[in-house]
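Worksheet: the structure to be examined is printed underneath.
Nothing fancy with the numbering, it's 1 onward along the sequence. The model shown is predicted, which means the values in this text are computed figures rather than measured ones.
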Amino acid sequence: MSVTYYVALPFVRTEDGMAAGQAQAMQNQSPAIRRAEAMSRDYSNAGALAFKRSGDPNVGNFSDAVVLKAFGDVPENLDEL
């Protein structure tokens, strides 16, 4: 059974660059994008992005995340997070 997760993820500045903040799961794409935009407006966050990821949670097999939209400053290489 394949499931798609939609997530809004903020980023905070650290001494070493940036780090992911507390992710929030959303029901679908539009709310995830709106939430990421709102997170990017929070002064404590450098930026935020919305992404989706599909897979089978029973098997633990998931595709790579697909960025839906980014706001503000987010890391260029998300694979390093």
Side-chain angles (χ1 to χ4, degrees):
M1 174 176 92
S2 183
V3 176
T4 300
Y5 293 99
Y6 297 91
V7 179
L9 179 66
F11 290 91
V12 296
R13 285 187 172 78
T14 66
E15 291 178 7
D16 299 326
M18 284 196 202
Q22 181 67 41
Q24 291 187 2
M26 307 304 287
Q27 290 185 348
N28 58 50
Q29 181 172 322
S30 294
I33 292 172
R34 286 194 304 271
R35 184 67 187 126
E37 182 177 19
M39 288 173 161
S40 73
R41 292 182 182 162
D42 184 329
Y43 71 91
S44 64
N45 295 327
L49 59 81
F51 70 89
K52 67 179 181 177
R53 191 170 186 201
S54 299
D56 186 342
N58 295 324
V59 179
N61 186 18
F62 288 91
S63 64
D64 290 339
V66 175
V67 175
L68 302 171
K69 194 152 187 184
F71 301 92
D73 292 331
V74 297
E76 289 183 27
N77 189 352
L78 299 174
D79 292 336
E80 295 177 0
L81 296 175

Asp42: which residues meet the salt bridge (charged side-chain N to carboxylate O under 4.0 Å, His left out) condition with it, sequence neighbours left out? none
Looking only at heavy atoms, what is the nearest atom pair of Gln22 and Met39, with distance? O-CE, 4.0 Å
Mind listing the closest non-hydrogen atom pair of Ala32 and Ala50 along with its distance? O-CB, 3.5 Å
Does CG in Asp64 sit with more than 12 non-hydrogen atoms of other residues, nucleotides or ligands closer than 6.0 Å? no
Is the backbone of Ser63 close enough, under 3.5 Å, to the side chain of Arg53 for a donor and an acceptor to pair up by distance? yes
From OH (Tyr6) to CE (Met26), nearest 0.5 Å: 12.5 Å
Set of salt bridge (charged side-chain N to carboxylate O under 4.0 Å, His left out) partners for Arg41, sequence neighbours left out: Glu37
For a side-chain contact (heavy atoms from CB on, under 4.5 Å) with Phe11, tell me which candidate from Asp73, Asn45, Val74 qualifies. Val74
Identify whether Val67 and Val7 are in the same connected component of the hydrophobic contact network (ILVMFWY, side-chain heavy atoms under 4.5 Å). yes
Hphob cluster co-occupancy, Met1 + Tyr5, side-chain heavy atoms under 4.5 angstrom: yes
Those residues that, when tested against Thr4, pass side-chain hydrogen bond (donor to acceptor under 3.5 Å, both in side chains) (two or more places apart): Ser54
I need the Leu49 CG to Ile33 CD1 distance, nearest 0.5 Å. 10.5 Å
Rounded to the nearest 0.5 Å, how far apart are CZ of Arg34 and CD of Gln29? 10.5 Å
Please round to the nearest 0.5 Å and tell me the distance separating atom CZ of Arg35 and atom OG of Ser40. 10.0 Å
Met18 with Leu9, same ILVMFWY side-chain cluster at under 4.5 Å: yes
Shortest non-hydrogen contact between Ala36 and Ala48, atoms and distance: O-CB, 3.2 Å
Closest non-hydrogen atom pair between Phe51 and Ala65, with its separation: CD1-CB, 3.6 Å
